[in-house]
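Residue numbers begin at 1 in each chain, while the letters A, B, ... track the order of the sequences. Nothing here was measured: the structure is a model prediction, and the numbers come from that model.
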2 protein chains.
Amino acid sequence: MALTIGQVATAADVNIQTIRYYERRGLFPTPRRTPAGYRQYADGAVARLRFIKHAQELGFSLQEIQELLGLRVRHGAACDAVERKTRHKIEVVQQRIRDLQRLKRTLERLAAACTARRPTDDCPILEVLEDHDDIGH
Amino acid sequence: MALTIGQVATAADVNIQTIRYYERRGLFPTPRRTPAGYRQYADGAVARLRFIKHAQELGFSLQEIQELLGLRVRHGAACDAVERKTRHKIEVVQQRIRDLQRLKRTLERLAAACTARRPTDDCPILEVLEDHDDIGH
DNA sequence: TTAAACCCCGTACCATGGTACAGTGTCAAG
DNA sequence: CTTGACACTGTACCATGGTACGGGGTTTAA
(Lines give C-alpha, C1' and ligand atoms only; values in the text may rest on other atoms or scores of the structure.)
Protein backbone atom coordinates (compact mmCIF):
# COMPACT_ATOMS: atom_id res chain seq x y z
CA MET A 1 0.00 0.00 0.00
CA ALA A 2 1.99 2.94 -1.28
CA LEU A 3 1.11 6.44 -0.14
CA THR A 4 1.48 9.63 -2.12
CA ILE A 5 3.37 12.53 -0.65
CA GLY A 6 0.09 14.33 -0.09
CA GLN A 7 -1.34 11.44 1.90
CA VAL A 8 1.77 11.21 4.02
CA ALA A 9 1.75 14.96 4.60
CA THR A 10 -1.88 14.92 5.69
CA ALA A 11 -1.42 11.91 7.95
CA ALA A 12 1.60 13.41 9.69
CA ASP A 13 0.19 16.92 9.62
CA VAL A 14 3.14 18.50 7.87
CA ASN A 15 3.47 20.44 4.66
CA ILE A 16 4.30 18.60 1.44
CA GLN A 17 7.14 21.04 0.89
CA THR A 18 8.52 20.12 4.26
CA ILE A 19 8.79 16.47 3.27
CA ARG A 20 10.65 17.39 0.11
CA TYR A 21 12.84 19.70 2.15
CA TYR A 22 13.70 16.85 4.52
CA GLU A 23 14.48 14.65 1.56
CA ARG A 24 16.87 17.28 0.19
CA ARG A 25 18.48 17.57 3.61
CA GLY A 26 18.99 13.85 3.81
CA LEU A 27 16.67 13.37 6.76
CA PHE A 28 14.24 11.42 4.69
CA PRO A 29 15.17 8.55 2.40
CA THR A 30 14.55 9.11 -1.30
CA PRO A 31 11.45 7.04 -1.97
CA ARG A 32 10.59 4.87 -4.93
CA ARG A 33 8.88 6.67 -7.77
CA THR A 34 6.04 5.77 -10.08
CA PRO A 35 6.83 5.81 -13.81
CA ALA A 36 5.49 9.36 -13.83
CA GLY A 37 7.92 10.36 -11.11
CA TYR A 38 5.48 10.49 -8.17
CA ARG A 39 7.01 9.63 -4.79
CA GLN A 40 5.70 6.45 -3.17
CA TYR A 41 5.89 6.00 0.60
CA ALA A 42 5.25 3.15 3.00
CA ASP A 43 3.43 3.64 6.31
CA GLY A 44 6.71 4.05 8.15
CA ALA A 45 7.18 7.44 6.56
CA VAL A 46 4.37 8.86 8.68
CA ALA A 47 5.92 7.55 11.90
CA ARG A 48 9.24 9.00 10.87
CA LEU A 49 7.73 12.41 10.32
CA ARG A 50 5.99 12.30 13.66
CA PHE A 51 9.25 11.38 15.31
CA ILE A 52 10.96 14.33 13.68
CA LYS A 53 8.26 16.73 14.83
CA HIS A 54 8.38 15.41 18.33
CA ALA A 55 12.14 15.52 18.61
CA GLN A 56 12.08 19.08 17.34
CA GLU A 57 9.68 20.09 20.04
CA LEU A 58 12.18 18.68 22.49
CA GLY A 59 14.80 21.02 21.16
CA PHE A 60 16.79 18.87 18.78
CA SER A 61 17.97 20.35 15.51
CA LEU A 62 17.35 18.58 12.23
CA GLN A 63 21.03 17.73 12.21
CA GLU A 64 20.74 16.04 15.59
CA ILE A 65 17.56 14.30 14.59
CA GLN A 66 19.30 12.98 11.54
CA GLU A 67 21.92 11.53 13.85
CA LEU A 68 19.27 10.06 16.11
CA LEU A 69 17.58 8.43 13.16
CA GLY A 70 20.90 7.15 11.99
CA LEU A 71 21.41 5.26 15.22
CA ARG A 72 20.30 1.90 14.13
CA VAL A 73 21.74 -1.43 14.90
CA ARG A 74 22.92 -3.05 11.74
CA HIS A 75 24.03 -6.58 12.39
CA GLY A 76 26.61 -5.70 14.96
CA ALA A 77 28.41 -3.21 12.77
CA ALA A 78 29.51 0.07 14.34
CA CYS A 79 27.51 -0.77 17.41
CA ASP A 80 29.96 0.85 19.78
CA ALA A 81 29.78 4.18 18.01
CA VAL A 82 26.02 4.04 18.02
CA GLU A 83 25.94 3.32 21.71
CA ARG A 84 28.38 6.09 22.53
CA LYS A 85 26.31 8.64 20.64
CA THR A 86 23.18 7.48 22.34
CA ARG A 87 24.65 7.67 25.83
CA HIS A 88 25.94 11.12 25.11
CA LYS A 89 22.48 12.20 24.03
CA ILE A 90 21.10 10.77 27.24
CA GLU A 91 23.52 12.91 29.23
CA VAL A 92 22.46 16.02 27.38
CA VAL A 93 18.80 15.26 27.87
CA GLN A 94 19.35 14.55 31.57
CA GLN A 95 21.10 17.85 32.05
CA ARG A 96 18.29 19.65 30.30
CA ILE A 97 15.77 17.99 32.58
CA ARG A 98 17.72 19.05 35.65
CA ASP A 99 17.90 22.63 34.42
CA LEU A 100 14.20 22.73 33.70
CA GLN A 101 13.45 21.36 37.15
CA ARG A 102 15.50 24.13 38.68
CA LEU A 103 13.67 26.70 36.61
CA LYS A 104 10.37 25.18 37.68
CA ARG A 105 11.29 25.46 41.36
CA THR A 106 12.18 29.09 40.85
CA LEU A 107 8.88 29.76 39.17
CA GLU A 108 7.09 28.03 42.00
CA ARG A 109 8.79 30.23 44.55
CA LEU A 110 7.76 33.22 42.52
CA ALA A 111 4.16 32.06 42.36
CA ALA A 112 4.20 31.49 46.11
CA ALA A 113 5.58 34.96 46.76
CA CYS A 114 2.82 36.24 44.58
CA THR A 115 0.13 34.45 46.48
CA ALA A 116 1.52 35.81 49.72
CA ARG A 117 1.60 39.28 48.21
CA ARG A 118 5.21 39.45 49.11
CA PRO A 119 7.13 41.69 46.76
CA THR A 120 10.11 40.08 45.07
CA ASP A 121 13.38 41.35 43.79
CA ASP A 122 13.52 43.22 40.59
CA CYS A 123 13.91 40.09 38.59
CA PRO A 124 13.49 36.97 40.70
CA ILE A 125 13.88 34.65 37.75
CA LEU A 126 17.56 35.45 37.65
CA GLU A 127 17.90 33.46 40.87
CA VAL A 128 17.79 30.38 38.75
CA LEU A 129 21.36 31.16 37.94
CA GLU A 130 22.71 30.98 41.46
CA ASP A 131 25.25 28.20 41.99
CA HIS A 132 24.33 27.04 38.60
CA ASP A 133 26.40 28.85 36.10
CA ASP A 134 28.96 26.51 34.78
CA ILE A 135 27.46 23.16 35.48
CA GLY A 136 27.16 20.91 32.57
CA HIS A 137 28.24 22.73 29.48
CA MET B 1 31.26 50.53 38.59
CA ALA B 2 29.85 50.99 35.14
CA LEU B 3 30.80 48.51 32.44
CA THR B 4 31.14 49.20 28.76
CA ILE B 5 29.27 47.05 26.30
CA GLY B 6 32.50 45.37 25.35
CA GLN B 7 33.25 44.42 28.96
CA VAL B 8 29.76 43.02 29.41
CA ALA B 9 30.01 41.12 26.15
CA THR B 10 33.34 39.58 27.14
CA ALA B 11 32.15 38.69 30.64
CA ALA B 12 29.01 36.99 29.38
CA ASP B 13 30.71 35.54 26.34
CA VAL B 14 28.35 37.01 23.80
CA ASN B 15 28.86 39.28 20.84
CA ILE B 16 28.50 43.04 21.27
CA GLN B 17 26.10 43.05 18.37
CA THR B 18 23.95 40.55 20.19
CA ILE B 19 23.55 42.85 23.17
CA ARG B 20 22.45 45.67 20.92
CA TYR B 21 20.12 43.28 19.16
CA TYR B 22 18.54 42.31 22.50
CA GLU B 23 18.16 45.95 23.38
CA ARG B 24 16.35 46.60 20.11
CA ARG B 25 14.10 43.61 20.79
CA GLY B 26 13.24 44.89 24.23
CA LEU B 27 14.88 41.98 26.05
CA PHE B 28 17.48 44.24 27.50
CA PRO B 29 16.78 47.57 29.20
CA THR B 30 18.17 50.64 27.48
CA PRO B 31 21.15 51.56 29.62
CA ARG B 32 22.40 54.95 30.74
CA ARG B 33 24.80 56.62 28.33
CA THR B 34 27.97 58.61 28.78
CA PRO B 35 27.97 62.12 27.31
CA ALA B 36 29.60 60.61 24.25
CA GLY B 37 26.76 58.14 23.89
CA TYR B 38 28.53 55.03 25.19
CA ARG B 39 26.29 52.50 26.92
CA GLN B 40 26.96 51.97 30.64
CA TYR B 41 25.96 48.75 32.34
CA ALA B 42 25.85 47.52 35.92
CA ASP B 43 27.01 44.04 36.91
CA GLY B 44 23.48 42.70 36.68
CA ALA B 45 23.65 42.93 32.91
CA VAL B 46 26.08 40.04 32.79
CA ALA B 47 23.80 37.82 34.87
CA ARG B 48 20.89 38.74 32.65
CA LEU B 49 22.80 37.74 29.55
CA ARG B 50 23.84 34.47 31.10
CA PHE B 51 20.26 33.77 32.01
CA ILE B 52 19.18 34.43 28.45
CA LYS B 53 21.80 32.09 27.06
CA HIS B 54 20.85 29.45 29.52
CA ALA B 55 17.14 29.70 28.88
CA GLN B 56 17.80 29.45 25.19
CA GLU B 57 19.64 26.21 25.69
CA LEU B 58 16.52 25.00 27.47
CA GLY B 59 14.53 25.68 24.34
CA PHE B 60 12.87 28.99 25.15
CA SER B 61 12.51 31.57 22.41
CA LEU B 62 13.60 35.14 22.99
CA GLN B 63 9.94 36.06 23.22
CA GLU B 64 9.38 33.54 26.00
CA ILE B 65 12.54 34.61 27.78
CA GLN B 66 11.33 38.17 27.67
CA GLU B 67 8.14 37.05 29.37
CA LEU B 68 10.05 35.08 31.98
CA LEU B 69 12.24 38.06 32.76
CA GLY B 70 9.18 40.24 33.09
CA LEU B 71 7.69 38.11 35.86
CA ARG B 72 8.04 39.91 39.15
CA VAL B 73 5.85 41.01 42.01
CA ARG B 74 5.28 44.72 42.29
CA HIS B 75 3.55 45.99 45.43
CA GLY B 76 0.28 44.15 45.19
CA ALA B 77 -0.85 45.56 41.90
CA ALA B 78 -1.24 43.23 38.92
CA CYS B 79 -0.30 40.38 41.20
CA ASP B 80 -3.02 38.08 39.91
CA ALA B 81 -1.86 38.49 36.36
CA VAL B 82 1.72 37.69 37.30
CA GLU B 83 0.64 34.64 39.23
CA ARG B 84 -1.45 33.39 36.36
CA LYS B 85 1.39 33.87 33.91
CA THR B 86 3.83 32.20 36.24
CA ARG B 87 1.61 29.17 36.76
CA HIS B 88 1.18 28.90 33.04
CA LYS B 89 4.95 28.91 32.55
CA ILE B 90 5.24 26.21 35.21
CA GLU B 91 2.85 24.08 33.16
CA VAL B 92 4.91 24.64 30.04
CA VAL B 93 8.12 23.74 31.82
CA GLN B 94 6.53 20.67 33.41
CA GLN B 95 5.33 19.43 30.04
CA ARG B 96 8.77 19.93 28.58
CA ILE B 97 10.28 17.93 31.42
CA ARG B 98 7.82 15.10 30.81
CA ASP B 99 8.62 15.05 27.09
CA LEU B 100 12.32 14.93 27.78
CA GLN B 101 11.89 12.14 30.30
CA ARG B 102 10.05 10.13 27.71
CA LEU B 103 12.75 10.75 25.17
CA LYS B 104 15.37 9.73 27.69
CA ARG B 105 13.62 6.44 28.34
CA THR B 106 13.47 5.90 24.60
CA LEU B 107 17.16 6.52 24.23
CA GLU B 108 17.93 4.26 27.18
CA ARG B 109 16.04 1.40 25.63
CA LEU B 110 17.94 1.93 22.42
CA ALA B 111 21.25 1.95 24.25
CA ALA B 112 20.30 -1.21 26.08
CA ALA B 113 19.43 -2.97 22.84
CA CYS B 114 22.75 -1.83 21.52
CA THR B 115 24.66 -3.18 24.48
CA ALA B 116 23.00 -6.51 24.05
CA ARG B 117 24.14 -6.47 20.43
CA ARG B 118 20.77 -7.72 19.45
CA PRO B 119 20.38 -6.33 15.96
CA THR B 120 16.87 -4.94 15.78
CA ASP B 121 14.73 -4.02 12.86
CA ASP B 122 15.35 -1.15 10.58
CA CYS B 123 14.90 1.74 12.94
CA PRO B 124 14.61 0.94 16.62
CA ILE B 125 14.00 4.54 17.55
CA LEU B 126 10.91 4.57 15.42
CA GLU B 127 9.66 1.41 17.05
CA VAL B 128 9.93 2.84 20.50
CA LEU B 129 8.07 5.82 19.25
CA GLU B 130 4.97 3.92 18.31
CA ASP B 131 3.49 4.11 21.83
CA HIS B 132 4.84 7.62 22.22
CA ASP B 133 3.28 9.56 19.44
CA ASP B 134 0.30 11.50 20.56
CA ILE B 135 0.65 11.61 24.27
CA GLY B 136 0.74 14.98 25.81
CA HIS B 137 0.02 17.70 23.33
C1' DT C 1 49.10 64.34 19.04
C1' DT C 2 48.41 60.43 16.91
C1' DA C 3 47.57 55.38 16.55
C1' DA C 4 45.15 51.54 18.57
C1' DA C 5 41.33 50.12 20.53
C1' DC C 6 37.03 51.00 21.62
C1' DC C 7 32.16 52.82 20.78
C1' DC C 8 28.14 54.64 17.79
C1' DC C 9 24.43 53.71 14.09
C1' DG C 10 22.41 51.73 10.04
C1' DT C 11 22.13 48.26 6.97
C1' DA C 12 23.24 43.95 4.91
C1' DC C 13 24.13 39.39 5.40
C1' DC C 14 24.10 34.51 7.39
C1' DA C 15 22.04 29.75 9.00
C1' DT C 16 18.07 27.18 10.25
C1' DG C 17 13.69 25.43 9.28
C1' DG C 18 10.56 25.90 6.63
C1' DT C 19 6.64 27.91 3.05
C1' DA C 20 4.99 29.84 -1.36
C1' DC C 21 4.87 30.39 -6.21
C1' DA C 22 5.48 29.61 -11.12
C1' DG C 23 5.33 26.70 -14.78
C1' DT C 24 4.52 22.11 -16.08
C1' DG C 25 2.98 17.18 -16.08
C1' DT C 26 -0.39 13.31 -14.52
C1' DC C 27 -4.47 10.95 -13.24
C1' DA C 28 -9.42 9.98 -12.47
C1' DA C 29 -14.41 11.30 -12.86
C1' DG C 30 -17.88 12.89 -15.48
C1' DC D 1 -11.51 14.25 -23.63
C1' DT D 2 -11.59 17.76 -20.63
C1' DT D 3 -11.47 19.69 -16.00
C1' DG D 4 -9.88 19.57 -11.27
C1' DA D 5 -7.03 17.75 -7.90
C1' DC D 6 -2.84 16.35 -7.31
C1' DA D 7 2.27 15.75 -8.41
C1' DC D 8 6.89 17.47 -10.27
C1' DT D 9 11.08 20.92 -10.25
C1' DG D 10 13.27 25.18 -9.32
C1' DT D 11 13.57 29.36 -7.17
C1' DA D 12 12.13 32.96 -4.08
C1' DC D 13 10.61 34.30 0.20
C1' DC D 14 9.63 34.29 5.40
C1' DA D 15 10.78 34.41 10.69
C1' DT D 16 14.11 33.77 14.20
C1' DG D 17 18.40 34.72 16.20
C1' DG D 18 22.09 36.49 15.38
C1' DT D 19 26.80 38.45 12.91
C1' DA D 20 29.48 41.48 9.87
C1' DC D 21 30.53 45.72 7.59
C1' DG D 22 30.97 50.52 6.48
C1' DG D 23 31.61 55.05 7.88
C1' DG D 24 32.06 57.63 11.52
C1' DG D 25 33.31 59.58 16.62
C1' DT D 26 35.95 58.74 21.35
C1' DT D 27 39.40 57.40 24.71
C1' DT D 28 43.78 56.20 26.18
C1' DA D 29 48.47 55.52 26.36
C1' DA D 30 52.94 56.08 24.23
Taking the side chain of Arg33(B) as its heavy atoms from C-beta onward, which of dC9(C), dT9(D), dG17(C) lies nearest to it?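 For the Arg33(B) side chain, the nearest candidate turns out to be dC9(C).
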Which of these nucleotides, dC8(D), dC8(C), dG18(D), is closest to any side-chain atom of Leu62(B)?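 Minimum distance to the Leu62(B) side chain belongs to dG18(D).
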Side-chain N or O of [X] less than 4.0 angstrom from OP1 or OP2 on [N]?
| X | N | value |
| --- | --- | --- |
| Thr4(B) | dC6(C) | no |
| Arg39(A) | dC8(D) | yes |
| Gln40(A) | dA7(D) | no |
| Tyr22(A) | dG18(C) | yes |

Length of the [atom1]-[atom2] vector between [X] and [N], whole Å:
| X | N | atom1 | atom2 | value |
| --- | --- | --- | --- | --- |
| Leu27(A) | dT16(C) | CG | P | 12 Å |
| Ile5(A) | dC6(D) | CD1 | P | 14 Å |
| Lys53(B) | dG17(D) | NZ | P | 16 Å |
| Leu3(B) | dC6(C) | CG | C1' | 15 Å |
| Glu64(B) | dA15(D) | CD | C1' | 15 Å |
| Gln7(B) | dC6(C) | CD | P | 10 Å |
| Phe28(A) | dG18(C) | CZ | P | 12 Å |

So if I take residues 10-21 of chain A and measure heavy-atom distances to DNA chain D, which residues fall below 4.0 Å?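 Per residue number, the list reads Ile16(A), Arg20(A).
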Let me spell it out: for each of Gln56(A) and Glu23(B), pick the nucleotide of DNA chain C with the closest heavy atom. Which residue's pick is nearer the 5' end?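 Its nucleotide being nearer the 5' end, the pick is Glu23(B).
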Does [X] have any side-chain contact (heavy atoms from CB on, under 4.5 Å) partners at least two apart in sequence or in another chain, and if so, which?
| X | value |
| --- | --- |
| Tyr22(B) | Thr18(B), Leu27(B), Phe28(B), Leu49(B), Ile52(B), Gln56(B), Leu62(B) |
| Thr4(A) | Gln7(A) |
| Phe60(B) | Leu100(A), Leu103(A), Ala55(B), Leu58(B), Glu64(B), Ile65(B), Leu68(B), Val93(B), Arg96(B) |

Hydrogens and angles aside, do Gln101(A) and Arg98(A) bring a side-chain donor and acceptor to less than 3.5 Å of each other?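 No, because no side-chain N or O of Gln101(A) sits under 3.5 Å from a partner of the opposite role on Arg98(A).
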Between Glu91(B) and Gln95(B), do the side chains contain a donor N or O and an acceptor N or O under 3.5 Å apart?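 No - no donor-acceptor pair under 3.5 Å links their side chains.
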Contacts of [X] that satisfy salt bridge (Lys or Arg N to Asp or Glu O under 4.0 Å) - sequence neighbours left out:
| X | value |
| --- | --- |
| Arg87(B) | Glu83(B) |
| Glu108(B) | Lys104(B) |
| Glu23(A) | Arg33(A), Arg39(A) |

What does the B/S/- profile of nucleotides 25-30 of chain D look like, 5' to 3', with a 4.0 Å heavy-atom cutoff to protein? BBS---
Sequence neighbours left out, what passes side chain to side chain donor-acceptor pair (under 3.5 Å) with Lys53(A)? Give chain and number order.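 Partners of Lys53(A) by the side chain to side chain donor-acceptor pair (under 3.5 Å) criterion come out as none, since no residue qualifies.
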